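Single-structure report; data block below.
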Amino acid sequence: MSDKYAIDSHKLIYHPTRVSRWYESNSEWEKLKSVYPIYVEISPYGGCNHRCTFCALDYMGYENIGLDFEVLKNTLTNMAKKGVKSVMFAGEGEPLLFKDLDLIVEHCTSVGIDTSLTTNFVPLNKKNIERCVENCSWIKISLNAGTAKTYAQIHQTKEKDFERVMSNIKYAIEHKRANNLDCTIGVQMLLLPENKDEAKILASSCKSLGVNYLVVKPYSQHLFSETTQYENIDYSKMVDIEDELKEISDENFNVVFRANTMKKYIEKKQPYDKCYSTPFFWAYIATDGNVFGCSAYLGEDKFCYGNIYENSFEEIWESDKRKKSYNYIKNELDIKNCRVNCRMDEVNRYLWKLKHPNKHINFI
């Protein structure tokens, strides 16, 4: 099965200039502090219309608060000027519950930031769908079952939401095709014991709707999640599902079965000793405005560099607090306690090889 968007890998290899600045710094902070993230995840709203059984950020409390519209716009403008290339709106709650998110996405386009959206795709109207499809590089819908009954059980919502999502996807694709837009529309399914027998059903439904791809990915236990019912999930008994899905893929629709990530979840160990990606290549802006270097440690002060209500993104990123966090990660953080398959795992594997090459690297 094709993975042309490198969803089960990483894309840092396409940013050699940024990596070179990090690599050639020789760990000197005055050089490192201006290495800005390529990618930033933003949580515009804390509340959520669902209570998914697997939610990693349930411990954040689903507070019905959102970022200030103007503060967010100004932050995005500052980020773009400092070299941030992409933003994903997702986070602690459902991003589409943030009023006028479509206008924020449009602003990202105007300042030169590639934008994406991870969403349950329920709280939408036609205006929002159209503007998001017109401005996002991609939209990924969290849809974790092939039937309305199982969907309602896993998302802990009403069955009618399943049909609403399907209807919204259909309209989004119709608008995309009618206006010859480039937005990639995908669906993501977290593979669980409750939905494993519906992966093929979901894949067929997605293909018939005109979705670009379906991602089937493993669960990863968050360090602070209140939910623990899936922490001992055994993916060795589910990997054969990949074979069932191969026949559905074609040149227009890909099923990306994240077998590589599942294998790493089974192994539960990293081939590196340090986290090199933090606090450099990506960042997270929480609903309360705090800027973090790692989403696995949201709420932990050692990973928080400042707040966008108090300072600009530039001031936060080059602050002494980020320097202190960098020194902590470099000298004290034990990554054995980190989340298995964290978002930067593949990036860390790549950076580790750069820092620890074998003896024959010049024989290219």
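Small disclaimer: the values here were computed from a predicted structure and weren't measured.
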Check against side-chain contact (heavy atoms from CB on, under 4.5 Å), Glu242 and Met262: CA-CA 11 Å; Glu242 181 178 13; Met262 290 182 195; over 6 Å; no
Within the distance-only criterion (no hydrogens, no angle test), does the side chain of [X] pair as donor or acceptor with the backbone N or O of [Y] below 3.5 angstrom?
{"X": "Ser277", "Y": "Asn348", "result": "no"}
{"X": "Tyr309", "Y": "Asp68", "result": "yes"}
{"X": "Thr118", "Y": "Ala90", "result": "no"}
{"X": "Lys207", "Y": "Ile248", "result": "yes"}
{"X": "Thr115", "Y": "Ile113", "result": "yes"}
{"X": "Gln221", "Y": "Thr227", "result": "yes"}
{"X": "Ser167", "Y": "Glu163", "result": "no"}
{"X": "Asn26", "Y": "Glu28", "result": "no"}
{"X": "Asn135", "Y": "Thr109", "result": "no"}
{"X": "Asn78", "Y": "Glu314", "result": "yes"}

Within a 6.0 Å radius of atom [atom1] on [X], are there more than 12 heavy atoms belonging to other residues, nucleotides or ligands?
{"X": "Asp182", "atom1": "CG", "answer": "no"}
{"X": "Lys274", "atom1": "NZ", "answer": "yes"}
{"X": "Lys33", "atom1": "NZ", "answer": "yes"}

Please work out which of the three classes, parallel, tilted or perpendicular, describes the rings of [Y] and [X], given edges at 30° and 60°.
{"X": "His356", "Y": "Trp352", "answer": "parallel"}
{"X": "Tyr326", "Y": "Phe280", "answer": "perpendicular"}
{"X": "Phe363", "Y": "His360", "answer": "perpendicular"}

Do the side chains of [X] and [Y] get close enough for a salt bridge, i.e. N-O under 4.0 angstrom?
{"X": "Lys196", "Y": "Glu244", "answer": "no"}
{"X": "Arg343", "Y": "Glu41", "answer": "yes"}
{"X": "Asp243", "Y": "Lys246", "answer": "yes"}
{"X": "Lys126", "Y": "Glu174", "answer": "no"}

Indicate, with yes or no, if the rings of Phe281 and His15 have centres closer together than 6.0 Å.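 Not under 6.0 Å, so no.
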Ring centre gap for Tyr230 and Tyr219 strictly below 6.0 Å: yes
Least distance between heavy atoms, [X] atom then [Y] atom:
{"X": "Cys183", "Y": "Cys136", "result": "CB-O, 3.4 Å"}
{"X": "Ile173", "Y": "Leu209", "result": "CD1-O, 3.3 Å"}
{"X": "Leu191", "Y": "Tyr235", "result": "O-OH, 2.6 Å"}

Hydrophobic cluster membership, with links at side-chain heavy-atom distances under 4.5 Å among I/L/V/M/F/W/Y: are Ile361 and Tyr276 in one? no
Same hydrophobic cluster for Val84 and Val71, using side-chain heavy-atom links shorter than 4.5 Å among ILVMFWY? yes
Assess, by modelled atom type and distance only, whether the side chains of [X] and [Y] contain a donor and an acceptor separated by less than 3.5 Å.
{"X": "Arg339", "Y": "Ser295", "value": "no"}
{"X": "Asn49", "Y": "Glu94", "value": "no"}
{"X": "Tyr213", "Y": "Thr184", "value": "no"}

Table please: side-chain donor-acceptor pairs of residues 97-106 below 3.5 Å, with sequence neighbours left out.
from   : atom 1 : to     : atom 2 : distance (Å)
Asp102 : OD2    : Lys127 : NZ     : 2.9
Asp102 : OD2    : Arg131 : NH1    : 2.9

List the steps and the verdict of side-chain contact (heavy atoms from CB on, under 4.5 Å) for Arg164 and Thr157. CA-CA 12 Å; Arg164 184 169 183 178; Thr157 188; over 6 Å; no
Give a yes/no verdict on a cation-pi contact between Arg51 and Tyr62, requiring under 6.0 Å between NZ or CZ and the six-membered ring centre and an angle within 45° of the axis. yes
Hey, does the Lys NZ or Arg CZ of Lys355 hover above the aromatic six-ring of Tyr23, less than 6.0 Å from the centre and inside 45° of the axis? yes
Under 3.5 Å donor-acceptor pairs involving side-chain atoms of residues 137-144, not counting sequence neighbours:
from   : atom 1 : to     : atom 2 : distance (Å)
Ser142 : OG     : Asn144 : ND2    : 2.9
Asn144 : OD1    : Leu190 : N      : 2.7
Asn144 : ND2    : His155 : NE2    : 3.1

Tell me the salt bridge (Lys or Arg N to Asp or Glu O under 4.0 Å) pairs involving residues 315-327, sequence neighbours left out?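 Salt bridge (Lys or Arg N to Asp or Glu O under 4.0 Å) check on residues 315-327 returns Asp301-Lys321.
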Testing Asn290, Leu223, Thr287, Leu57 for side-chain contact (heavy atoms from CB on, under 4.5 Å) with Leu298, which one passes? Leu57
Show, in sequence, the C-alpha distance, side-chain angles and deciding distance for His10 and Arg349, and conclude whether the side-chain contact (heavy atoms from CB on, under 4.5 Å) test is met. CA-CA 10 Å; His10 75 93; Arg349 290 169 185 253; over 6 Å; no
What's the verdict on side-chain contact (heavy atoms from CB on, under 4.5 Å) for Phe313 and Tyr36, showing C-alpha distance, side-chain angles and the deciding distance? CA-CA 10 Å; Phe313 190 82; Tyr36 277 77; 3.9 Å; yes
